[in-house]
Student: 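What follows is a single structure, and I will ask about it in a moment.
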Amino acid sequence: MKTRIFIVLNAVIFFAIANFFIFQKEKILKEGDTVILALAPLDPRSLIQGDYLEIRYAIFSQFKSKNGFSDGYIFVKKDDRGIFQFSKITDLNGRAEAAEIKIRFRERSYSVRIGAESYLFQEGEAQKYEKAKYGMLKISGEGEAMLIALLDEKLKLIQ
């Protein structure tokens, strides 16, 4: 009897946690700011996972790892074309100025992560996604990022 209760209780906890994370992602999709960032060169393969793109963002070329903190915010501003450009970097206490959007970053073992570093697609479609020049992200008010689409050089959605 105790084993059944334990199993049911664990299942309820598991599904509650899973639903909480799903709810968070759905909220970012509905309420998040849309940001378009230029991409650095892409890596289109993984032997283990199949076809996917490992995304690197061009704004990280301006990132200085000697900033004194490993977690913080990268602030971006929209240019004339609608592409967001690097504005500044701060620790977790940083505040956005007018027209700036904050993106939470984490620096780990010489790489900067914003939580949107891979894009999965169907096997055999790698050639289509190699043309990607921009990533479209949704950013929550807390700076959490979610990659929602890839765009070509003309800012057209790659489907």
Side-chain angles (χ1 to χ4, degrees), residues 2-40 42-60 63 65 67 69-78 82-84 86-96 99-126 128-130 132-151 155 157-159:
K2 286 184 180 181
T3 305
R4 286 184 184 173
I5 292 172
F6 180 74
I7 291 171
V8 170
L9 185 60
N10 278 330
V12 168
I13 291 170
F14 171 78
F15 286 115
I17 291 170
N19 282 323
F20 174 75
F21 286 115
I22 291 168
F23 174 76
Q24 281 185 320
K25 296 295 183 187
E26 289 291 332
K27 186 176 179 185
I28 293 173
L29 281 174
K30 279 184 189 175
E31 301 172 6
D33 293 316
T34 301
V35 170
I36 297 173
L37 294 176
L39 301 178
L42 305 170
D43 184 8
R45 291 247 169 208
S46 168
L47 294 175
I48 296 171
Q49 293 175 297
D51 288 346
Y52 87 107
L53 288 176
E54 185 164 331
I55 306 289
R56 289 185 297 277
Y57 299 96
I59 60 170
F60 294 148
F63 185 87
S65 104
N67 56 35
F69 42 85
S70 58
D71 291 2
Y73 294 114
I74 296 172
F75 289 84
V76 293
K77 280 186 179 180
K78 192 187 303 189
I83 313 294
F84 283 76
F86 179 85
S87 177
K88 68 183 177 191
I89 186 170
T90 70
D91 62 12
L92 292 174
N93 297 317
R95 299 275 182 236
E100 283 183 335
I101 293 179
K102 67 181 178 182
I103 303 173
R104 173 89 188 265
F105 77 87
R106 292 159 186 89
E107 184 181 13
R108 302 291 186 265
S109 17
Y110 302 105
S111 68
V112 180
R113 302 293 213 190
I114 61 171
E117 282 79 32
S118 63
Y119 190 82
L120 300 168
F121 52 84
Q122 280 188 316
E123 193 170 326
E125 294 189 357
K128 177 170 48 171
Y129 291 100
E130 287 174 350
K133 299 293 180 200
Y134 301 96
M136 181 183 288
L137 298 96
K138 285 285 191 172
I139 311 294
S140 74
E142 295 80 37
E144 297 300 322
M146 188 173 160
L147 181 64
I148 59 170
L150 295 175
L151 308 172
L155 298 178
L157 189 66
I158 298 174
Q159 296 184 5

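Atoms considered below: every heavy atom in the structure, side chains included; atoms not considered: hydrogens, waters and symmetry mates.
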Student: List the atom of I139, the atom of A145, and the distance in Å for their closest heavy-atom pair.
Tutor: CD1-CB, 3.6 Å

Student: Mind running side chain to side chain contact (heavy atoms under 4.5 Å, CB included) on K25 and M146 for me, showing each step along the way?
Tutor: CA-CA 8 Å; K25 296 295 183 187; M146 188 173 160; 3.9 Å; yes

Student: Show your working on side chain to side chain contact (heavy atoms under 4.5 Å, CB included) between M136 and L155 and close with a plain yes or no.
Tutor: CA-CA 9 Å; M136 181 183 288; L155 298 178; over 6 Å; no

Student: Locate the shortest heavy-atom distance separating K77 from S87; write the atom from each residue and the value.
Tutor: CE-OG, 4.1 Å

Student: With a cut-off of 3.5 Å and sequence neighbours excluded, list every side-chain donor-acceptor pair involving residues 28-35.
Tutor:
| residue | atom | partner | partner atom | Å |
| --- | --- | --- | --- | --- |
| T34 | OG1 | K138 | NZ | 3.0 |

Student: Output the distance between atom CD1 (I114) and atom CG (L147), rounded to the nearest 0.5 Å.
Tutor: 8.0 Å

Student: Hey, could you give me the CD/NZ distance between E142 and K27, rounded to the nearest 0.5 Å?
Tutor: 6.5 Å

Student: Would you sort out whether L151 and L157 count as a side chain to side chain contact (heavy atoms under 4.5 Å, CB included), showing the intermediate values?
Tutor: CA-CA 5 Å; L151 308 172; L157 189 66; 3.9 Å; yes

Student: Would you say K128's side chain and Q159's backbone share a donor-acceptor pair under 3.5 angstrom?
Tutor: yes

Student: Rounded to the nearest 0.5 Å, what separates atom OH in Y134 from atom CD1 in I36?
Tutor: 9.0 Å

Student: Are more than 12 heavy atoms, taken from residues, nucleotides or ligands other than K88, located less than 6.0 Å from that residue's NZ atom?
Tutor: yes

Student: Where do F75 and K102 come nearest, in terms of heavy atoms and distance?
Tutor: CE2-CB, 3.4 Å

Student: Any chance you could lay out the side chain to side chain contact (heavy atoms under 4.5 Å, CB included) test for Y57 and L137, step after step, and finish with the verdict?
Tutor: CA-CA 11 Å; Y57 299 96; L137 298 96; 3.7 Å; yes

Student: State, to 0.1 Å, how close F105 and Y73 come at their nearest heavy-atom pair, and which atoms those are.
Tutor: CE2-N, 3.4 Å

Student: List for me each residue that meets side-chain contact (heavy atoms from CB on, under 4.5 Å) alongside R113, sequence neighbours excluded, and say none if there are none.
Tutor: E54, S111, E117

Student: With rounding to the nearest 0.5 angstrom, report the CZ to CG distance, F86 to L37.
Tutor: 12.0 Å

Student: Between G135 and L150, what is the shortest heavy-atom contact and its length?
Tutor: CA-CD2, 4.2 Å

Student: Atom CG in N10, atom CZ in F15: separation rounded to 0.5 Å?
Tutor: 11.5 Å

Student: Please find the pair of heavy atoms, one from R104 and one from D71, that lie closest to each other, and give the distance.
Tutor: NH2-OD2, 3.5 Å

Student: Please report the interatomic distance NZ(K133) to CD1(I158), rounded to the nearest 0.5 Å.
Tutor: 9.5 Å

Student: Is the closest side-chain heavy-atom distance between I74 and F60 below 4.5 Å?
Tutor: yes

